[in-house]
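Only one structure is covered here, and it is reproduced in the block below.
Note: hydrogens, waters and symmetry copies are ignored here, and every other heavy atom, side chains too, is used. Lettering of chains follows the sequences in order, A, B, ..., and the numbering in each one begins at 1.
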Amino acid sequence: MTSVEELQLKIKELEEKVKELSLKNQEHNVSSHARAKIDHMSAEVVDSNPYSRLMALKRMGIVENYEKIRTYTVAVVGVGGVGSVTAEMLTRCGIGKVKLILFDYDKVELANMNRLFFQPHQAGLSKVDAAANTLQFINPDVTFETHNYNVTTLENFEHFMGRLKSGSLSEGPVDLVLSCVDNYEARMAVNRACNELGQTWFESGVSENAVSGHIQFLIPGEIACFDCAPPLVVASQIDEKTLKKEGVCAASLPTTMGIVAGLLVQNVLKKRQEEYRKRKQEEDASGQNVEEAKEEEVVVVHEDNEWGISLVDESSNVESDSKTSSGLHLSQGIRVAFERSTDSSNKDTEALESEGDGWEEAEVSLDDLMAQMKTL
Amino acid sequence: MVDEVTKKTLASIPLLKTKAGPREKDAWVQRLKEEYHALIKYVQNNKEAGNDWFRLESNKEGTKWFGKCWHVENLLKYEFDVEFEIPITYPTTAIEIMLPELEGKTAKMYRGGRICLTDHFKPLWARNVPKFGIAHAMALGLGPWLAIEIPDLIANGKVTYKEKQQE
């Protein structure tokens, strides 16, 4: 006899199979054109070689080792207007592994058709599935890994970090993370994950009015992180937190999205090349230099500290902050949604603080509080 | 940006002190206590003032919250399920309050029934990290949203009164 659980498992299995088959079916009319996998990138100049134009980069003296791109793993977080085009570019470049991680509630919609990549017949499919499906067909040599979830929730975040840590082809950390998400919360989540893992990443985005965009390169520990130096603050001194998210009312253009995705992938390729050069230089210079380098590693003591810079713990019990509004020079037509709290504008909350209700947090247990809440 | 009545309501909700998200074990328990304390105080205040309008409870870890909120229009009580999760970047970023049954009925909503907090609430939250908590999000985020959206939805016939909602 089979138990209910077993039957449920079976149903799940079958459902997945049906889904797989229906996806395959959709492509059936074109599947006869699908090519077989190719083991080695060849530089042979024939019409049937999908890599001949890429390998020509070597002959032109641009890259020495283009085929190395097959060992590279890139995680793309968010497969919207920028992310999908980014993933397609990487796929066409023959990158080793592309991971698509997407917010759970995003499905392909007809409202997305003003942008590139997705097609009307894909409406209703989850963006990751639709994207992986198309991309796998374009280049069967690329490995795809898709996750269809919201990275900002607790459980998903742990899994997300785990996949960044051991998601490469060799089960090591991914080489690069590309954030192509459309909201501040998700950017902060990617920022947090990359900071904790020491993971190099690129942030990207398109403005609300669809006529400008940015990419930003971040190396945790070396460059200020996204939280400290959001691109908008750096570029135009507007607070990142005031950014609206896409969906309800943001404008978008295929042109801007394409430009941002192009800049992003171009820099990924450059970055890869740079890393290779660096590694080669290190290898060439290895041996003698190792000991020298070790001796140089001493505790850094600064001779002077003219500006009185020190580290401040911001993690707990933050009392009132005394930020002053900086003199902003905004270009015409741009306004800030709110001013940073100044002494005068913060009066209402300051008054609150002095009021205090004499509550001693240590006295009550969490269970008591929960029970009290229920009885209300 | 904030009117006098709201200011008064706000003034009676205790502010929070601990800046900790759900991934910081001990500090999060402390933060959670502060959240509950503020919420209890706020609900009590509402009851005393005769405008009790929501109930919330959470799972044991305090990461998932669910409950009911209601709106009274022409002496009829319209009740809605409310839920949200605490994002790992909390409290730097605010919670995203969801009213799943209203999804698709109003433009002031993101997918999954997340109410639009962008204009009227997110800036307030951003300048009050970490002092604002869930209670503040209810008072300044969901409260004003319901007050504006529900009468409109009722007038358009998108929300209708259900008999069994009555207690």
Practice item. List the steps, then state whether side-chain contact (heavy atoms from CB on, under 4.5 Å) holds for A:L369 with B:K33. Key: CA-CA 7 Å; A:L369 284 168; B:K33 280 185 189 177; 3.9 Å; yes
So CD of B:E57 and CE of A:M373: to nearest 0.5 Å the spacing works out to 8.5 Å
* Sub-4.5 Å side-chain heavy-atom contact between A:E185 and B:K122 -> yes
Turns out that what part of B:T63 lies under 4.5 Å from chain A's heavy atoms comes down to side chain
Cut-off 4.5 Å, heavy atoms of chain A, and the answer for B:K64 is side chain
* Start with the C-alpha distance between B:Q44 and A:Q372, add both sets of side-chain angles, then the distance that settles side-chain contact (heavy atoms from CB on, under 4.5 Å), and finish with yes or no. => CA-CA 11 Å; B:Q44 280 168 347; A:Q372 198 186 339; 3.8 Å; yes
Decide side-chain contact (heavy atoms from CB on, under 4.5 Å) for A:F157 and B:R23; before the verdict, give the C-alpha distance in whole Å, the side-chain angles of both, and the deciding distance to 0.1 Å. CA-CA 10 Å; A:F157 187 74; B:R23 298 181 69 238; 3.3 Å; yes
Minimal heavy-atom distance between A:A189 and B:T89, with the atoms involved, is N-CG2, 3.6 Å
Output for pair (A:N150 CG, B:I88 CD1), nearest 0.5 Å, gives 10.0 Å
Around atom CG of B:N156, are there more than 12 heavy atoms of other residues, nucleotides or ligands at under 6.0 Å? yes
Cut-off 4.5 Å, heavy atoms of chain A, and the answer for B:R55 is side chain
The reported gap from CD in B:E96 to OG1 in A:T152 (rounded to nearest 0.5 angstrom) is 6.5 Å
Taken to the nearest 0.5 Å, the spacing of B:T118 OG1 from A:E208 CD works out to 8.5 Å
Output for pair (B:W28 CH2, A:L366 CG), nearest 0.5 Å, gives 10.0 Å
Residues, nucleotides or ligands: over 12 heavy atoms within 6.0 Å of B:K8 NZ:
no
Closest non-hydrogen atoms of A:E109 and B:R111, given as atom of the first, atom of the second and distance, are OE2-CD, 3.6 Å
To the nearest 0.5 Å, atom CG of B:L32 lies from atom CE of A:M370 at 5.0 Å
